[in-house]
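What you see is a predicted model, and the numbers here were worked out from it, not measured in a lab. Along the sequence shown, the residues carry numbers beginning at 1. When a ligand or atom number is given, it counts from 1 through the structure's own listing order.
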Amino acid sequence: MKTQVCIIGGGPSGLLLSQLLHLKGIDTVLLERQSREYVLSRIRAGVLEHGFAELMREAQCGERMDREGEIHEGVFIAHERGMDRIDLHKHTGGSSVIVYGQTELTRDLYDARAKMKGNVIHNVEDVKLCDLTAASPYVTYRDGDKVIRVDCDYIVGADGFHGVSRKAIPKDILREYERLYPFGWLGVLSQTRPVSPELIYAKHERGFALCSLRSQVLSRYYIQVPLTDTVEDWSDDAFWTELKKRLPADVAARLVTGLSIEKSIAPLRSFVAEPMSYGRLYLAGDAAHIVPPTGARGLNSAASDIYYLYHAMLDHYQKGDDGGLKGYSQKALARVWKAQRFSCWMTTMLHRFPANIPYDDKLQDTELQYLLSSQVAQQSMAENYVGLPF
Ligand code: APR
Ligand code: PHB
C-alpha cells in the first residue's frame, strides 16, 4: 500500500488530521489498533475550546457539535466559604467553551471519514515504524497472518500515551518529563439532570470534586480518590454521599442522584516527550503529552498539534515549503508547555495533597483566595481555560 501520510491511531487527533488533509486532497491511511465500537465506548472529558471547535468546522465535522453542544461562558469554583463564578466571557472579551462529549466528537469524525471513504483500518496488530530518517519511511502491521506494508512520505504518531510511535524515537534523543499525582479521579456518568448549568470545580478538605455534564439529561461527576481505591470500593450510594459532602450545602441539597451508567478511576499524570518529531515521524496529542484533567486541556492540547501539523503539511504539499515541518516540534511544544503549566496549577490549587505540611495547605488556600479576589488573576485563568491562541 502507498500513501502520502500514514497516521497511527484513530482517536480524535488522528481522525481530525486525516479528515483535514483529505479535504485538501492529501492522501492518508489511518491505522487503529481497536475496533470503532471499542474506541467509541471510551468516556473522556467534554470541554472544547474555541480553536478546537473551529478546526472541527474546518474539517466539516462541526454541525452536530454546534447543534447539540452547550456554550458555557463561565465556571464555578466552590470552596469552604461558598462558591464563586469565573466569568470566562467577560475576562476574555467574549470567548467561551463548548461542552460536547469527546465520545460524540469522535463519532462525528468517524462518520465524516466513512462518508468521504477515508482509508481507516481497524484491528491492526503489531504496528512497526521503519526507516524514519530515510527519504521514504514505511509502516508495517499484521492483519491475521499477513504482514502489510504502508509506504509513505510521512508518519504521524497519534496513538495516545500507550502507543508505539513515541517509542520509535531513539532513547538517546527522546527526553521525557513526568509528574505523577498521589491520587486519581473516580468518575460517574448518570442519566440525571445536572446539578448546575455550568461546571463546578470544588476544593474541599476531604478532596476535590467536579460537577460536569454532557447534556441536560446526562451528568458527569468526579471525586478525588486515593490511588489504592478501586471501582468496586465505591457503590453508587457511597459515591453520591461523598460527592455531597464535598459540595456547598445548597448545591448538595439539589443534587439529583441516580444509577451510574459508567464508573471508572483514572490516575492523574503530567507528561511531555521532547522532541515531538524525529526524521519523518511527527507525534501529536496524547502520544507526546498528557495533562491531568483539572483544566480540561487534554483534547485542546492535542488540537494545537493538529493545527500546526496540518498547516505544515499543506505548506509542504501545496507550496514546497518545509519550514512548518522543520519547526513543528518547537512550535507545538511551546504551547504544550503552557497547557501543562495551567493544568498543573489548577490541579495543585484544588486537590488535597496527603503529604502536604500545614504551611503548604496555607499557601494553597491563599492561592485560591488570591484568585477569587483578583480580577487580574481571574483574567489569567479565563484566558487559559478558553484556550491560548495557536
Ligand atoms: N497501533 C495503532 N493504534 C494504536 C496503537 C498502535 N500500536 N496504540 C494505540 N492506538 C490507538 C488507540 O487505540 C487510540 O484509539 O491510538 C488512539 C489514540 O487515541 P487517544 O488516546 O484518544 O489520543 P488522541 O487522539 O491524541 O486524543 C487526545 O485528549 O482528552 C484527551 O486523553 C484524551 O483521548 C484524548 C486526547
Ligand atoms: C468532563 O466533563 O468529563 C470534564 C470536564 C472538565 C474537566 C474535566 C473533565 O476539567
Short list, please: which atoms of ligand 1 are under 4.0 Å from a heavy atom of [X]?
X: Ile8; result: 1 (N), 2 (C)
X: Leu31; result: 2 (C), 3 (N)
X: Val164; result: 7 (N)
X: Gly285; result: 26 (O)
X: Gly298; result: 29 (O), 30 (O), 31 (C)

Does Ser13 approach ligand 1 within less than 4.0 angstrom via side chain, backbone, both or neither, non-hydrogen atoms only?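 Ser13 to ligand 1: contacts from backbone and side chain alike.
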Backbone, side chain, both or neither: what part of Ile290 comes under 4.0 angstrom of ligand 1, heavy atoms only? neither
Considering Gly163, Pro293, Ala287 one by one, which has a heavy atom nearer to atom 8 (N) of ligand 1 than any of the others?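 Minimum heavy-atom distance to atom 8 (N) of ligand 1 goes to Gly163.
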Tell me which one of Arg42, Gln34, His122, Arg36 gets a heavy atom nearest to atom 15 (O) of ligand 1.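 Heavy atom nearest to atom 15 (O) of ligand 1 belongs to Arg42.
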Could you tell me whether ligand 1 has any atom less than 4.0 Å away from a heavy atom of Ala158? yes
Tell me every residue that passes ring-ring contact (aromatic ring centres under 6.0 Å, His included) with Tyr141, counting only those two or more places apart in sequence or in another chain.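 Tyr141 satisfies ring-ring contact (aromatic ring centres under 6.0 Å, His included) with no other residue.
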Centroid-centroid distance, Tyr385 to His91, less than 6.0 Å: no
Counting the benzene-type ring for Trp, do Tyr181 and His351 have ring centres under 6.0 Å apart?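 When the ring centroids of Tyr181 and His351 are compared, they turn out to be at least 6.0 Å apart.
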Parallel, tilted or perpendicular: ring planes of Phe208 versus Trp185, cut at 30 and 60 degrees: parallel
Of all the non-hydrogen atoms in the protein, which one sits nearest to [atom], and at what distance?
atom: atom 19 (O) of ligand 1; result: Gly11 CA, 3.4 Å
atom: atom 35 (C) of ligand 1; result: Gln102 NE2, 3.0 Å
atom: atom 20 (P) of ligand 1; result: Arg44 NH1, 3.8 Å
atom: atom 11 (C) of ligand 1; result: Glu32 OE1, 3.2 Å
atom: atom 23 (O) of ligand 1; result: Asp286 CB, 3.8 Å
atom: atom 1 (N) of ligand 1; result: Val127 CG2, 3.6 Å
atom: atom 9 (C) of ligand 1; result: Asp159 O, 3.1 Å
atom: atom 2 (C) of ligand 1; result: Arg33 N, 3.4 Å

Taking everything shown except [X] itself, do over 12 heavy atoms lie less than 6.0 Å from its [atom1]?
X: Arg57; atom1: CZ; answer: yes
X: Lys338; atom1: NZ; answer: no
X: Lys331; atom1: NZ; answer: no

Checking Glu104 against Arg214 for the salt bridge (Lys or Arg N to Asp or Glu O under 4.0 Å) test, could you report, in this order, the C-alpha distance in whole Å, the side-chain angles of both residues, the deciding distance, and whether it holds? CA-CA 10 Å; Glu104 294 314 305; Arg214 293 288 175 272; over 6 Å; no
Heavy-atom contacts under 4.0 Å to ligand 2, chain-then-number order, include exactly Ala45, Gly46, Val47, Trp185, Leu199, Tyr201, Leu210, Ser212, Arg214, Arg220, Tyr222, Pro293, Thr294, Ala296
Using the side chain to side chain contact (heavy atoms under 4.5 Å, CB included) rule, pick out the option among Val47, Leu105, Ile98 that qualifies with Phe52.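 One option only clears the test, and that one is Leu105.
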Does the side chain of [X] pick up a donor-acceptor pair with the side chain of [Y] at under 3.5 Å?
X: Asp153; Y: His316; answer: no
X: Thr294; Y: Thr347; answer: yes
X: Asp365; Y: His79; answer: no

Do any N/O atoms on Phe161 end up under 3.5 angstrom from N/O atoms on ligand 1?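 No.
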Among Tyr177, Phe271, Phe342, find the one that has a ring pair (Phe, Tyr, Trp, His ring centres under 6.0 Å) with Trp337. Tyr177
Short question: side chain of Ser373, backbone of Tyr370 - any donor-acceptor pair under 3.5 Å?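 Yes, Ser373 side chain to Tyr370 backbone: donor-acceptor pair under 3.5 Å.
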Do Leu247 and Val188 share a hydrophobic cluster, counting only Ile, Leu, Val, Met, Phe, Trp and Tyr and linking them when any side-chain heavy atoms are less than 4.5 Å apart?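 As far as the 4.5 Å side-chain criterion goes, Val188 and Leu247 are connected within one cluster.
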